[in-house]
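Report on one structure; see the data block that follows.
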Amino acid sequence: MAEEKDAEGTEAVVAELHKKIKEAFEVFDHESNNTVDVREIGTIIRSLGCCPTEGELHDFIAEVEEEEPTGYIRFEKFIPMMTRALLERKYRPIAEDVLLRAFEVLDPAKRGFLTKDELVKYMTEEGEPFSQEEMEEMLSAAIDPESNTIHYRDYITMMVIDEN
């Protein structure tokens with residue numbers, strides 16, 4: 001009896017996930033032919049609350065792409081992979097405390113903020129550099145226009161995905 005209820009609950013969860021996945025996929029299915037441009041897959045996955053790295057995204061695409069890549073991903077191949085990723089809670093975002101520690105490393109004086117110039121320097125000269133477009137998008141969301149600084153605790157709160 002309890003197993004039947006568990007099965008029904010799981011089926012309901014899967015049905016709800018399938019609905020969300022289909023809705024997200026359809027936004028980018030411009031031809032209404034159950035395919036999307038492979039370049040849209042990252043956006044679709046992220047719209048479903050997942051945060052894969054570029055490597056994880058590349059691996060995901062490789063698994064759902066046709067034997068002979070066409071540049072398009074079919075819904076029938078996408079939905080089982082995406083369902084499994086959501087059920088297994090793959091591609092979870094980085095925890096808020098980890099993000100905070102990362103910003104604190106960049107702020108050794110513990111001021112609680114970084115200047116726009118400091119942020120631009122770190123994001124374009126260290127690690128994998130941001131493109132100009134990525135930098136502008138981040139700055140538009142992160143920088144307080146009055147002080148020209150990023151108060152990183154506020155920015156982290158804005159960035160974190162509520163999983164409930």
Side-chain angles (χ1 to χ4, degrees), residues 10-107 114 116 118-143 150 152-164:
T10 302
E11 286 176 21
V13 167
V14 169
E16 186 62 30
L17 287 178
H18 282 186
K19 182 179 174 215
K20 286 180 180 180
I21 294 167
K22 184 156 183 61
E23 288 171 356
F25 194 91
E26 286 176 342
V27 169
F28 295 95
D29 183 5
H30 303 297
E31 305 292 320
S32 297
N33 62 358
N34 283 330
T35 64
V36 296
D37 188 302
V38 70
R39 295 170 293 189
E40 305 289 6
I41 292 298
T43 303
I44 295 168
I45 292 171
R46 290 180 181 105
S47 77
L48 292 165
C50 294
C51 300
T53 65
E54 286 304 310
E56 290 169 332
L57 182 58
H58 179 78
D59 293 345
F60 185 97
I61 290 170
E63 282 198 53
V64 297
E65 208 166 23
E66 298 296 321
E67 296 280 328
E68 293 292 320
T70 61
Y72 291 90
I73 302 295
R74 290 181 314 136
F75 182 70
E76 306 84 64
K77 292 198 82 171
F78 179 76
I79 194 162
M81 285 278 301
M82 194 66 233
T83 302
R84 188 168 65 242
L86 290 169
L87 287 172
E88 293 174 0
R89 303 177 63 77
K90 286 176 100 173
Y91 315 129
R92 300 313 318 149
I94 295 173
E96 195 169 343
D97 62 320
V98 174
L99 288 171
L100 180 59
R101 286 197 307 270
F103 274 107
E104 287 173 341
V105 167
L106 302 176
D107 179 24
L114 298 171
K116 178 180 179 181
E118 289 171 329
L119 185 62
V120 169
K121 179 180 183 300
Y122 293 133
M123 302 312 272
T124 58
E125 295 178 12
E126 304 292 329
E128 187 176 327
F130 276 41
S131 69
Q132 185 63 35
E133 184 181 327
E134 291 168 328
M135 197 69 240
E136 288 171 9
E137 189 176 331
M138 180 182 175
L139 292 175
S140 71
I143 297 293
I150 174 176
Y152 49 83
R153 285 181 188 274
D154 295 340
Y155 184 60
I156 290 168
T157 301
M158 183 179 71
M159 284 192 313
V160 173
I161 296 171
D162 183 10
E163 294 190 50
N164 296 330

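A 4.5 Å side-chain heavy-atom check between Met81 and Arg84 finds at least one atom pair inside the cut-off. For the pair Asn34/Lys22, a side-chain contact is recorded, criterion being any heavy-atom separation below 4.5 Å from C-beta on. Side-chain contact check for Leu106 versus Glu118: every heavy-atom pair is 4.5 Å or farther apart. For the pair Val13/Leu87, a side-chain contact is recorded, criterion being any heavy-atom separation below 4.5 Å from C-beta on. Side-chain atoms of Glu104 and Arg153, non-hydrogen and from C-beta on, do get closer than 4.5 Å to each other.
More than 12 non-hydrogen atoms from other residues, nucleotides or ligands lie less than 6.0 angstrom from NZ of Lys77. Shown here is Glu31, whose CD atom has no more than 12 heavy atoms of other residues, nucleotides or ligands within 6.0 Å. In the displayed structure, Leu100 atom CG is contacted under 6.0 Å by more than 12 heavy atoms of other residues, nucleotides or ligands. For OH of Tyr72, the number of neighbouring non-hydrogen atoms (other residues, nucleotides, ligands) closer than 6.0 Å is 12 at most. In His30, the NE2 atom is crowded: over 12 heavy atoms of neighbouring residues, nucleotides or ligands sit closer than 6.0 Å. The local environment of CD in Glu125 is crowded, with over 12 non-hydrogen atoms from other residues, nucleotides or ligands closer than 6.0 Å. The environment of Glu137 atom CD is sparse: at most 12 non-hydrogen atoms of other residues, nucleotides or ligands sit within 6.0 angstrom.
Between the Glu40 side chain and the Asp37 main chain, no donor and acceptor come within less than 3.5 Å of each other.
Of all the heavy atoms in Leu57 and Pro52, the pair that sits closest is N-CB, 4.1 Å. Closest non-hydrogen pair, Glu65 versus Pro69, comes out as OE2-CB, 3.5 Å. Of all heavy-atom pairs between Cys50 and Lys90, the closest is SG-O, 3.9 Å. Across all their heavy atoms, Leu139 and Lys116 have their closest contact at CD1-CE, 3.8 Å.
The CD1 atom of Ile73 sits 9.0 Å away from the CD1 atom of Ile44 when rounded to the nearest 0.5 Å. The CZ atom of Phe103 sits 6.5 Å away from atom CG of Leu119, with the distance rounded to the nearest 0.5 Å. In this structure, OH in Tyr152 is found 15.5 Å from CE in Met158, a value given to the nearest 0.5 Å. Here the CZ-CD1 distance, from Arg101 to Ile156, works out to 10.5 Å after rounding to the nearest 0.5 Å. In this structure, CG in Asn33 is found 5.0 Å from CG in Asp29, a value given to the nearest 0.5 Å. Atom CD1 of Ile21 is separated from atom CZ of Phe75 by 7.0 Å, given to the nearest 0.5 angstrom.
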Could you go through Thr124 and Gln132, starting from their C-alpha distance and side-chain angles, then the distance that decides it, and tell me whether this counts as side-chain contact (heavy atoms from CB on, under 4.5 Å)? CA-CA 9 Å; Thr124 58; Gln132 185 63 35; over 6 Å; no
Test salt bridge (charged side-chain N to carboxylate O under 4.0 Å, His left out) on Glu54 and Arg46; report intermediate values, then the result. CA-CA 12 Å; Glu54 286 304 310; Arg46 290 180 181 105; 3.2 Å; yes
Before giving the answer on side-chain contact (heavy atoms from CB on, under 4.5 Å), spell out for Leu17 and Leu48 the whole-Å C-alpha distance, their side-chain angles and the decisive distance to 0.1 Å. CA-CA 9 Å; Leu17 287 178; Leu48 292 165; over 6 Å; no
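Taking the ring centroids of Phe78 and Phe60, they lie under the 6.0 Å cut-off.
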